[in-house]
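Report on the structure given below.
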Amino acid sequence: MVIRAATSSREINSSGKIDTAEKLTAEQIPRAVEDTLAATQFIDIHTHLYPPSFGKIGLWGIDELLTYHYLEAEFFRHSDVKPEQYWSLPKRDQADAIWRALFVENTPISEASRGIIAVLQAFELPTDRPDLSEAREFFAEQSLEGHIKRVLQLAGVTTVVMTNDPLDPDEMQVWMNGVQNDAQYQPVLRLDRILREESDPWPQLVGQGYNVDRRASPVCVKEIRRFLSDWHRRMRPVYMAVSLSDTFQFPEDTAQGRLLREAVLPSCREFDLPLSLMIGVRRQVNPRIRLAGDAVGRADLRSLERLCRDFPENRFLVSVLSRENQHELCVYARKFSNLMPFGCWWFLNNPSIVEEITRERIEMLGTSFIPQHSDARILEQLIYKWRNTRRTLAPILAESYRLACEDGRSIARQEIDRDVQRLFRSNFEKWTRH
Ligand code: HDL
Ligand code: ZN
């Protein structure tokens, strides 16, 4: 191993020797970063996954993987099948149509279609067959518990954080029946139906016994606090969350604005929970393609600035959907230590953009951010989404360390381990006090 002459007294320890036992040469750094990322088990801080105890709302297997809304959007571009025709097909026929269009008649080079290839390869299944018969046979043989264990192992993930909607009829039933806590799946209290202007949760809330009204009167605010307290006790969430449109404004004299300020933020402080704000969705720009019909818009992050400044006791986990909002999110994170940027969300989760976002975050925030979440909706997506994250981030992290070396600070392997633990585990654990 090449021992570089000490560039300053700092590197010569008390015994006068250069402590190189753990210091890496510039040439050793890339491999050390790759090995550390591969060896570190991640916490996936935002997904739409559920443990077996949630029954059919937990999605897995090849037909669900292929009918993922990211692939449906691409299917409608490559096929003459009209959305209305597609929606009338059974799930298997939809999956067959997508396989034919995106994987047989065209080459799977998009991020989402390559992901399917990576999943098939991870299970040593053929990736170039004209149909799905072999893949279906494999998944049909899997027992869900064992399959989940294997997927988490392949993905290098120990903990999956869920999205739990207390006003979704199917999910509400699971919680009301008393669901077994699963240590690998952490709950999140998702508040879109209460905090999004286009929702109408009031009949359901009245149905659950809360005396609420559409004007969000003081009585209603109190009742929403009771609702949050009841669901906090039932769910034990690690944070509360809401996805907000690109037109989100705060403060705002609307029912949603009042509930955010007077019910949700105080409840987060009461239960010492972060609030996750996912901002920038332009909803249903093309309703014909359903879940695939959402798009993106640049948000006015001054609303975020006012939230972080005016509520210093609240902690905010924030992901923004527009590429144009990323740099200002980093700047705001430098201004407010109660703001934790996370993930390259949805349309941003592509290597070309993940690289740009992660580099500017490291340059401005060091390791005080959470680089990625999978947003997985189907279990096996964890495998390719986290493989892509490790593959994209390794050279970015290595370059950051190389530059530090070049500027005169050598790096120890243990420091890389500490940094990766922080990026993919302890930043979140500290933020959620878990
Ligand atoms: O609101 C959200 O949590 C988003 O992640 C949506 O679920 C979106 O449809 C999605 O799956 N993005 O990856
Ligand atoms: Zn999501």
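Order of appearance sets the numbers: ligands from 1, and atoms from 1 within every ligand.
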For the Zn ion (ligand 2), what is the closest N, O or S atom on His46? NE2

Any chance you could lay out the side chain to side chain contact (heavy atoms under 4.5 Å, CB included) test for Gln94 and Trp87, step after step, and finish with the verdict? CA-CA 8 Å; Gln94 292 175 345; Trp87 300 123; 4.1 Å; yes

If you check every N/O/S atom of Asp375, which is the one nearest the Zn ion (ligand 2)? OD1

Please output the residues near ligand 1 using a strict heavy-atom distance under 4.0 Å, listed in chain and residue-number order. His46, His48, His69, Tyr70, Arg190, Ser243, Met278, Trp345, Trp346, Asp375, Arg377

On the ring face of Tyr70, is Arg377 found with NZ or CZ under 6.0 Å from the centre and within 45° of the axis? no

Just one of Glu355, Glu360, Glu356 clears the salt bridge (Lys or Arg N to Asp or Glu O under 4.0 Å) bar with Arg323, so which one? Glu356

Stepwise side chain to side chain contact (heavy atoms under 4.5 Å, CB included) test for Leu49 and Gln381: CA-CA 10 Å; Leu49 301 178; Gln381 291 175 336; 5.7 Å; no

Electrostatic pair Arg193-Asp168, nearest N-O below 4.0 angstrom: yes

What one should report as the nearest heavy-atom pair of Leu120 and Ala135 is CD2-CB, 4.1 Å

Which N/O/S atom belongs to His48 and is the closest one to the Zn ion (ligand 2)? NE2

Lys/Arg N to Asp/Glu carboxylate O, Asp417 vs Arg413, below 4.0 Å: no

